[in-house]
J.: 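Following this message is one structure expressed as structure tokens.
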There are 2 protein chains.
Amino acid sequence: MAVHNDTRQQILEIAEELLQKRGFNAFSYQDIANELGIRKASLHYHYASKADLGLALAERHANRALGFLQGIDEMHLSPWQQLDEFFKPFVDLAKTCQLMCPGGIMAAEFETLPKPMQNRMCEYFTIIHTWLTRVLTQGRASGQLYFGAEPAIKAYAIIATLEGAILIAKTRQNADFIDPIVQDIKVSLGG
Amino acid sequence: MAVHNDTRQQILEIAEELLQKRGFNAFSYQDIANELGIRKASLHYHYASKADLGLALAERHANRALGFLQGIDEMHLSPWQQLDEFFKPFVDLAKTCQLMCPGGIMAAEFETLPKPMQNRMCEYFTIIHTWLTRVLTQGRASGQLYFGAEPAIKAYAIIATLEGAILIAKTRQNADFIDPIVQDIKVSLGG
DNA sequence: GTAGGGTAATCTACCAATTGGTAGTTGAGG
DNA sequence: CCTCAACTACCAATTGGTAGATTACCCTAC
């Protein structure tokens with residue numbers, strides 16, 4: 001059981017890296033097998049089909065996001081600090097100039113993904129959008145943030161900007177623009 | 001020659017639609033052949049390899065963008081009107097809740113694309129970023145736009161927001177958020 | 001203490017389907 | 001007659017997936 005979970009975990013780890021680097025349609029069980037030093041057929045013992053693996057990837061991503069955001073909540077930070085924590089992982093991804101956000105790449109490949117994987121990953125966006133909307137709403141109510149648009153819209157705008165920035169970073173030699181972009185987002189919130 | 005170009009054109013048309021719907025790695029020569037009512041092997045007469053087809057797709061997209069932006073220039077519009085024209089195609093794509101921007105999907109799949117295709121499509125982003133930077137710079141200089149960040153940064157932020165919004169629209173039932181997001185962008189430019 | 005059974009996890013050896021791509025043929029038009 | 005543009009008929013490689021053997025280990029019963 002320990003070994004089982006360990007291997008399952010490693011598979012997921014490798015698969016996620018491949019997902020972020022190449023997308024779900026552009027990596028194969030063989031790729032994972034090679035990297036893990038195991039036979040391709042053995043992978044089917046842990047994840048019967050690629051659709052199952054995909055679902056696990058979407059699940060992991062959504063759950064990790066949920067945990068991450070709850071972690072921020074438990075820190076009892078100011079809205080500005082909460083936002084900074086929220087931005088961090090996106091900024092880090094952009095700076096790799098190589099890796100996509102799992103949610104972003106899954107969205108891009110949406111139509112080609114197995115249904116359960118689609119559903120679970122839509123929840124990812126719902127999760128982060130709900131959280132961000134709440135932070136913006138509370139931040140404005142407490143007078144610490146200042147902005148005109150509806151919080152739900154502003155939240156979409158911010159998420160779009162971050163996901164889009166990661167996308168664009170892949171086509172540039174560097175991601176020097178990411179910090180100023182985040183700065184600009186803050187300005188738009190009255191920062 | 002006329003027929004040749006016509007078929008070539010049709011192939012490109014179909015391929016672009018498939019590209020936007022499923023991504024470069026998730027459609028095959030067979031898919032195009034089916035839709036065009038032609039044998040798969042015949043496609044190789046027009047585009048020797050899928051890499052060639054991909055390059056043509058990237059080329060077409062970059063050239064179309066260039067023409068589109070030059071068209072805007074020739075209209076001699078105000079900065080605000082120029083921006084509205086610029087936003088249009090992105091907004092339309094977002095509202096399909098299904099189609100990606102060719103540039104966006106190519107960026108997402110970047111690492112898996114043939115080198116020449118990568119290069120040509122990077123130019124797409126350079127083209128629109130250069131244009132947008134210029135419009136922002138001139139608009140601010142003429143006092144019609146007002147914003148704090150550097151124009152080049154603001155341009156990246158806007159493009160990222162639009163590309164990201166298209167991405168996110170695919171995961172939502174509707175894209176009602178897109179118009180308000182564009183509105184918010186305008187507000188951030190002093191609108 | 002050891003023989004035996006069960007289970008978890010891997011392996012080898014396949015499979016059909018699909019992929020991008022090639023060789024060589026055919027038919028229609030100028 | 002020649003060339004364009006299509007065709008048929010392949011090909012090797014890769015894909016996700018299956019069947020069944022093998023290994024290793026733990027738990028029990030004698």
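Chain letters run A, B, ... following the sequence lines, proteins first, then strands; residues in each count from 1. Basis for what follows: all heavy atoms, side chains included, without hydrogens, waters or symmetry-related copies.
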J.: Where the side chain of A/Gln30 is defined as all heavy atoms beyond and including C-beta, which of D/dT15, C/dG20, D/dA19 is the nearest nucleotide?
T.: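 The answer is D/dT15, which lies nearest to the side chain.
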
J.: Nearest-Å distance, OH (B/Tyr45) to P (C/dG24)?
T.: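 Atom-to-atom, B/Tyr45 to C/dG24, this comes out as 18 Å.
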
J.: Does B/Arg64, at its CZ atom, have more than 12 non-hydrogen atoms belonging to other residues, nucleotides or ligands within less than 6.0 Å?
T.: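 More than 12 within 6.0 Å, yes.
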
J.: Scan B/Ser28 against the nucleic acid and name what it touches under 4.0 Å (heavy atoms): base, sugar-phosphate only, or nothing.
T.: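 Sugar-phosphate: the residue B/Ser28, judged by heavy atoms under 4.0 Å, touches backbone atoms but no base.
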
J.: Taking any heavy-atom pair under 4.0 Å as a contact, classify A/Phe27: base, sugar-phosphate, or nothing.
T.: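 Contact class for A/Phe27: sugar-phosphate only.
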
J.: Atom CG of B/Asn34 and atom C1' of C/dT19: how far apart are they, to the nearest Å?
T.: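 For the pair B/Asn34 CG and C/dT19 C1', the rounded distance is 14 Å.
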
J.: Could you check whether the side chain of A/Lys40 and the base of D/dG16 have a donor-acceptor pair of N or O atoms closer than 3.5 Å, going by distance alone?
T.: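 Answer yes: a donor N or O sits under 3.5 Å from an acceptor.
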
J.: Quick one: A/Tyr47 OH to D/dT15 P, roughly how many Å, whole number?
T.: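 After rounding, the reported distance stands at 20 Å.
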
J.: How many whole angstroms separate atom CG of B/Asp31 from atom C1' of C/dG20?
T.: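 Interatomic distance, CG of B/Asp31 to C1' of C/dG20: 13 Å.
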
J.: Please give, in whole Å, the distance from C/dT12 C1' to A/Ile38 CD1?
T.: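 Answer to the nearest Å: 14 Å.
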
J.: Between B/Glu111 and A/Lys170, is the closest basic N to carboxylate O distance under 4.0 Å?
T.: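 The answer is yes: the pair qualifies as a salt bridge.
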
J.: Is the shortest distance from a Lys or Arg side-chain nitrogen in A/Glu59 or A/Arg120 to a carboxylate oxygen in the other one below 4.0 Å?
T.: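 Salt bridge: yes.
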
J.: With respect to the phosphate group of D/dA6, does any side-chain polar atom (N or O) of B/His46 fall under 4.0 Å of OP1 or OP2?
T.: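 Yes, within the criterion.
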
J.: Round to the nearest Å and state the distance from B/Asn25 atom CG to D/dG16 atom P.
T.: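 Rounding to the nearest Å, CG of B/Asn25 and P of D/dG16 are 12 Å apart.
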
J.: Are there more than 12 heavy atoms of other residues, nucleotides or ligands under 6.0 Å from atom CD of B/Glu150?
T.: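 No, because the 6.0 Å sphere around CD of B/Glu150 holds 12 heavy atoms or fewer from other groups.
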
J.: Do NZ/NE/NH1/NH2 and the carboxylate oxygens of B/Arg134 and B/Asp73 come within less than 4.0 Å?
T.: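 Salt bridge between B/Arg134 and B/Asp73, a charged N being under 4.0 Å from a carboxylate O: yes.
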
J.: Any side-chain N or O of A/Thr7 less than 4.0 Å from the OP1 or OP2 oxygen of C/dT10?
T.: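 For C/dT10, OP1 or OP2 has a side-chain N or O of A/Thr7 closer than 4.0 Å.
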
J.: In whole angstroms, how far is the C1' atom of D/dT14 from the OH atom of B/Tyr29?
T.: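 Rounding to the nearest Å, OH of B/Tyr29 and C1' of D/dT14 are 18 Å apart.
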
J.: Can you tell me how far P of C/dC15 sits from NE2 of A/His44, to the nearest Å?
T.: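 The distance from NE2 of A/His44 to P of C/dC15 comes to 16 Å, rounded to the nearest Å.
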
J.: Within the structure, does a side-chain N or O atom of A/Ser49 lie under 4.0 Å from either OP1 or OP2 of D/dG16?
T.: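 Result: no.
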
